[in-house]
There are 2 protein chains.
Amino acid sequence: MNQPLSVSQSQNNVNQTIIASTLNSRARDANLTVVPKTTCPDCRLSDLCLARELDAAGLSDVGKFVRNSKRLRKGQHLFRQDDEFHSIYFIRSGFAKSYINNSGGDEVAVSFFFPGEMIGLDGLHDGRHTASIVALEDTHICELPYKALSKVMASSPGVRERFNALLSRQIVQEQAMTMLRGQKSASDQLKAFLLNLSERYARIRLSPISFRLPMTRKDIAGCLNLTIETVSRLFSQFQEQNLVEVSGREITLTDLQRFNS
Amino acid sequence: MNQPLSVSQSQNNVNQTIIASTLNSRARDANLTVVPKTTCPDCRLSDLCLARELDAAGLSDVGKFVRNSKRLRKGQHLFRQDDEFHSIYFIRSGFAKSYINNSGGDEVAVSFFFPGEMIGLDGLHDGRHTASIVALEDTHICELPYKALSKVMASSPGVRERFNALLSRQIVQEQAMTMLRGQKSASDQLKAFLLNLSERYARIRLSPISFRLPMTRKDIAGCLNLTIETVSRLFSQFQEQNLVEVSGREITLTDLQRFNS
DNA sequence: GCGTATCCTTGACTGGGATCAACGGGGCGA
DNA sequence: TCGCCCCGTTGATCCCAGTCAAGGATACGC
């Protein structure tokens, strides 16, 4: 595992909770590398993906439809730019980022994925993924083969509606990222970025005040089109102003009111 | 009309072509303010929206399903941020932009919509639109009420697949915008922006080399998070370098090779 | 436990784009 | 036709963030 022993309380709680709720009793006793074999209704994040609607259609069992077996170690890729599209994915636990390399070779258009968030829809358009996805830490992924999903949607209005809503959610999330990148100063961009993370932690029922950054300063810089140095300096500056407490990747938003303004 | 008499040849051709192909004989003789009453199969852009698939399902007639009657004058809004979602829209002719006002009141997250492009999906997620849409010139819009569309999708796999592909296309288009905003220098950003416009002109079968910018310098600046002055200076600079010919909003990419590198 | 690589921070300096300002031109309404 | 407003251009100056550099902290392999 890549979690340090001194992991923050909040982060630690998450992993334990998610693991506990996604492992059945047999798996829980076994080695942690055993793939969790659970049905979607047992998953704590089932309200964020297609699980409920698939369950209503009687299709959420492992092996029947959803493959919740994918496990990525830190640094491993789920897929790469130009890979063939065949499935969409949901993060069950862990974090991932997407990136596109420009002609110069550096990563532009970096964005991040939290538990419950959908990955891979960029590939539907013309059959190939337009971005690469890499795990930021050990990450569990649920896979839904698109062809099968498409068949289910033919007969299940609930799954269909939910799928469209999720697509829309992704568009809105992209808009939100575009908005925060559109802030005038680097300081405002980073504040908006942290607030965005805060909201997404809240959505998976984690503290929006105190959390651990899943990504490096370099990833943040890439996402905001800034340099590592600027991001680092801003964190120091926020700390001086008592806006946040920063300790490596541990973040506490001490004054959310003032942070918003 | 807001088209100046000195409108570029290419742009002029478009409007004429689209108008000619979308007016039936009765309407063509009447005042131009008469709403075109045509079926989707007659539309030059039918391969870009849902028209073909709706047609296959026997649903593309005016009044039966698609409302192709909306007409926006320059500066008019299609909808505004927080308005209730009930339809998705396609641009039949003209151009529009979306924008979101941040807390400071200025427009951030500006993006643009070309003929054949889909608008409004941001509202599906939670029933309200997250951005405002305004016409950049006189613009015709096709409206598809979402509830009706949803019913059609229940019975027509073709429409369903196409709709998902269009959603994916939008996500990819957003990614492309994020990529060009992620360029390091303002110069590279504007070059990438112009190339993006060029591609989109090509998609509607217009010259990718010589075209008219539908938006102001201010809109471009808003889209790229730059100032008007910087955009203006860059255009002058490109012209000095013989990369483009600029005359107001008329653009000619004289050296596409060198522009790409 | 040690060595190495990556991550992160901080400082000094530079430069690209923002800001402030002035002005010409075109569209449009009175 | 006049006058106003918005659009676009250009110049002078300033400042925020990039660049270059050094060194400490942390993670991870052997």
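Given the structure is predicted, the values throughout are model-derived calculations rather than measurements. Letters A, B, ... mirror the listed sequences (proteins, then strands); counts begin at 1.
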One would report the end-axis bend of the helix from dG1(C)-dC30(D) to dA30(C)-dT1(D), five pairs per end and rounded to 10 degrees, as 50°
Which pairs pass salt bridge (Lys or Arg N to Asp or Glu O under 4.0 Å) with one or both residues in residues 109-123 of chain A, sequence neighbours excluded?
Glu117(A)-Arg200(A), Glu117(A)-Arg203(A)
Using a distance-only test with no angle check, is there a side-chain donor-acceptor pair under 3.5 angstrom linking Thr254(A) and Glu245(A)?
no
Rounded to whole angstrom units, what separation is found between the CD atom of Gln239(B) and the P atom of dG8(D)?
15 Å
Name every residue in residues 213-223 of chain B that has at least one heavy atom under 4.0 Å from any atom of DNA chain C, in order of residue number, or write none if there are no such residues.
none
Arg258(B): what forms a side-chain contact (heavy atoms from CB on, under 4.5 Å) with it, not counting sequence neighbours?
Asn242(B), Leu243(B), Asp255(B)
Kindly write out the residues that satisfy side-chain contact (heavy atoms from CB on, under 4.5 Å) with Gln81(A), not counting sequence neighbours, or none if the list is empty.
Ile100(A), Ser132(A)
Using atom CD of Gln237(B) as one end and atom P of dT10(D) as the other, report the distance to the nearest whole Å.
12 Å
Do other residues, nucleotides or ligands put more than 12 heavy atoms under 6.0 Å from the CZ atom of Arg80(B)?
no
Which whole-number value in Å describes the distance from Phe235(B) CZ to dG8(D) C1'?
11 Å
Enumerate all atom pairs, one protein N or O and one N or O from nucleotides 3-5 of chain C, separated by less than 3.5 Å.
none

Side-chain donor-acceptor contacts of residues 221-236 of chain B below 3.5 Å, not counting sequence neighbours, with atom names and distances?
| from | atom 1 | to | atom 2 | distance (Å) |
| --- | --- | --- | --- | --- |
| Asn225(B) | ND2 | Arg181(A) | O | 3.4 |
| Asn225(B) | ND2 | Gln183(A) | O | 3.3 |
| Thr227(B) | OG1 | Thr230(B) | N | 3.3 |
| Thr227(B) | OG1 | Thr230(B) | OG1 | 3.0 |
| Ser236(B) | OG | Ser232(B) | O | 3.2 |

Heavy-atom closest pair (Leu253(A) atom, Pro208(A) atom, distance to 0.1 Å) is CD1-O, 3.7 Å
Rounded off to whole Å, could you give me the CG-to-P distance for the Leu136(B) and dC7(D) pair?
11 Å
List, with names and distances, any nitrogen or oxygen atoms from the protein found under 3.5 Å away from nitrogen or oxygen atoms belonging to nucleotides 17-20 of chain D.
| from | atom 1 | to | atom 2 | distance (Å) |
| --- | --- | --- | --- | --- |
| dA17(D) | OP1 | Ala186(A) | N | 2.5 |
| dG18(D) | OP2 | Thr227(A) | N | 3.4 |
| dG18(D) | OP2 | Thr227(A) | OG1 | 2.9 |
| dG18(D) | OP2 | Thr230(A) | OG1 | 2.3 |
| dT19(D) | O4 | Arg233(A) | NH2 | 2.8 |
| dC20(D) | N4 | Glu229(A) | OE2 | 3.2 |

In terms of ring plane angle, is the pair His129(B) and Phe79(B) parallel, tilted or perpendicular, where the classes change at 30° and 60°?
parallel
Under the criterion salt bridge (charged side-chain N to carboxylate O under 4.0 Å, His left out), I'd like the reasoning laid out for Lys74(A) against Glu137(A): C-alpha separation, chi angles, the key distance, then a yes or no.
CA-CA 4 Å; Lys74(A) 181 178 177 177; Glu137(A) 55 183 65; over 6 Å; no
Over how many whole Å does the gap from Arg212(A) atom CZ to dT26(D) atom P extend?
12 Å
Take atom CD1 of Ile228(A) and atom P of dT9(C), then tell me their distance rounded to the nearest Å.
10 Å
CZ of Arg73(B) versus P of dC28(C): gap in Å, rounded?
12 Å
Contacts of type salt bridge (Lys or Arg N to Asp or Glu O under 4.0 Å), residue Lys218(B), not counting sequence neighbours:
none
Tell me which pairs pass ring-ring contact (aromatic ring centres under 6.0 Å, His included) where either residue lies in residues 236-261 of chain B, with sequence neighbours left out.
Phe238(B)-Phe259(B)
For residues 171-178 of chain A, please give each side-chain donor-acceptor pair under 3.5 Å, one per line with the distance, not counting sequence neighbours.
| from | atom 1 | to | atom 2 | distance (Å) |
| --- | --- | --- | --- | --- |
| Gln175(A) | OE1 | Thr130(B) | OG1 | 2.3 |
| Thr178(A) | OG1 | Glu174(A) | O | 3.0 |

To the nearest angstrom, how far is Glu250(B) atom CD from dG8(D) atom C1'?
15 Å
Do the non-hydrogen side-chain atoms of Phe193(A) and Leu197(A) ever get within less than 4.5 Å of each other?
yes
Pairing residues for Gln76(B) by the side-chain contact (heavy atoms from CB on, under 4.5 Å) criterion, not counting sequence neighbours
Leu72(B), Arg73(B)
Nearest to the side chain of Ser236(A), heavy atoms from C-beta on, is which of dT10(D), dG8(D), dT9(C)?
dT9(C)
